[in-house]
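As structure tokens, the structure follows; a few thoughts come after it.
On a predicted model such as this, the values are computed, not experimentally measured, just so you know. In what follows, every chain begins at residue 1, and chains take the letters A, B, ... in the order their sequences are listed.
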Protein chains: 2
Amino acid sequence: MAEPQLQTQTRADEAFDCLQTAIVKGDLAPGEKIGEVELCSRFNLTRGPLREALGRLESRGLLVRRPHAGVNVVSVSAEELIELYRIREVMEGLAARQAAERMTDEEIRDLQATLDSHEALIEEAQGQAYYQAEGDYDFHHRIATGSRNTKLAQMLLGDLYYMVRMYRYRLSTSAGRPHMALGEHRRIVEAIAQRDGDLAEFLMKRHINAARQNIEKKIQEGVLTI
Amino acid sequence: MAEPQLQTQTRADEAFDCLQTAIVKGDLAPGEKIGEVELCSRFNLTRGPLREALGRLESRGLLVRRPHAGVNVVSVSAEELIELYRIREVMEGLAARQAAERMTDEEIRDLQATLDSHEALIEEAQGQAYYQAEGDYDFHHRIATGSRNTKLAQMLLGDLYYMVRMYRYRLSTSAGRPHMALGEHRRIVEAIAQRDGDLAEFLMKRHINAARQNIEKKIQEGVLTI
DNA sequence: TTATGTCTTATTGTTGACAATCCCTCTGTT
DNA sequence: AACAGAGGGATTGTCAACAATAAGACATAA
């Protein structure tokens, strides 16, 4: 949560961050049409930097723009959300494998400590899906960077996670799921600690598969309306 | 090679396309520092749309920008190129699996016909790595779109392929490789035609693995200096 | 009443000028 | 001769005004 050299950031970066978090948190609803001048007054910017930020967000798939017609927040259908998890499955599987091969012993210890704190978090804030989601994000974040695969981490952290988190904020996790997930996390870390890339990949894929099935069930139950 | 509604494109789109192809073709060398005004005169643009395009390219990982210091074309190290192929392996494996499940019969016939034309192309232009590379790109392009997984296709076609092609243009393929690759392509399409998703994924992963090993060998031979 | 065509208006796309920042060179010192 | 510091210059970041386009409203006709 450190924020170094916030000063050296350019206005376009600032705009980009603001918009990205606004979209992810749901302050800008999916499908919503957003006008440039309105955004300018809202975030205290001028249109130059804003347009640059809009370009970046479009290329990341968080916005859709039609020439002269304005910009809309992307709206992901239920099917597309499922597809996102299919992509995560293979990419994070690879990340887990490479993390098992390349993470330092210290990083692995850190990761284990992180899981301990997650366990405490789940206990005290049981049912509070928000904290669980943040913990989950933290775990996957570490694996992605631990893979030492620059592009892979960039695609996961810069593209996929933002789109997934867009719905995490609306999607309450099932009752028993946090504990389940934590157990799966632990086994993945064990495999990484044993430098067993095959197993780490297998477990991670199964972990994300379980998450996907959980979401599919919710959608069928009609809990999630997209 | 059709160019529909070129007119309705905005100047920023134009700038984006120009720069992207210039980077991929090598007209802008990796690592090269490029000034904004120079680019403007080169592509007949003004700095507004240009900066928007630069933002998009940066977010796609084709450029790196430091505030107030200018923009450089990304330079991918040999290790990173290999990592790119590791990502391709899992993502295109998934694409092949989903293509086997979802492509229409007509698309599959088209794909088979494409391979026939590739065979002819290889015969007449043997050794001409360029045409082989284009044919290969065409094949993988069809599989990606055939997966009906919007985000997957977007990530493959919009991100990974451009970075890979950056080096394809410089990297001459080995003597026997085109024929080998074509054979592998044929077997993948066979699996897709039989709707065998497991096999299609397996074969595609092995295909890209072979391409990666081919490149690794070249790098060790010192043919490719990045 | 509905559909169609035109026109107005507001929004987007573009431009050129202005301000802020960093890089490079030149000078001075060790 | 080599290194450090400061200044000039060029380049990037930002802004506000102008032009072009599409959406929406209104009126007319079927």
Answer whether the closest heavy-atom distance between the side chains of Arg42(A) and Leu28(A) falls below 4.5 Å. yes

For Gly70(A), which contact category applies under a 4.0 Å heavy-atom criterion: base, sugar-phosphate, or nothing? sugar-phosphate

Would you say Arg51(B) reaches dG13(D)'s phosphate, i.e. side-chain N/O to OP1/OP2 under 4.0 Å? yes

Rounded distance in Å - [atom1] ([X]) to [atom2] ([N]):
X	N	atom1	atom2	value
Glu52(A)	dG13(D)	CD	P	7 Å
Asn72(A)	dT11(C)	CG	P	14 Å
Asp13(B)	dT12(C)	CG	C1'	13 Å
Phe16(B)	dT14(C)	CZ	C1'	20 Å
Lys33(B)	dC22(C)	NZ	P	14 Å
Leu39(B)	dT12(D)	CG	C1'	13 Å
His68(A)	dT21(D)	NE2	C1'	5 Å
Leu54(A)	dG13(C)	CG	C1'	12 Å

Verify whether the ring centers belonging to His185(B) and His207(B) lie closer than 6.0 Å. yes

Side-chain donor/acceptor of Arg47(A) to base of dG13(C), under 3.5 Å: yes

Among [options], the one nearest [X] by side-chain distance:
X	options	result
Arg65(B)	dT14(D), dG13(D), dA22(D)	dG13(D)
Thr10(A)	dC15(D), dG13(D), dA22(D)	dG13(D)
Ala69(B)	dT12(C), dA23(D), dC22(C)	dC22(C)
Pro49(A)	dT15(C), dC23(C), dC15(D)	dC15(D)

Along DNA chain D (nearest heavy atom to each residue), the more 5'-positioned of Thr46(A) and Arg66(A): Thr46(A)

Kindly say whether Ser77(A) contributes a backbone atom to a donor-acceptor pair with the side chain of Glu80(A) at under 3.5 angstrom? yes

If we count only N and O atoms by modelled type, under 3.5 Å, do the side chains of Gln98(B) and Glu201(B) hold a donor and an acceptor together? no

Would you say Asp17(B) and Gln9(B) are linked by a side-chain donor-acceptor pair, where the criterion is simply a distance under 3.5 Å? yes

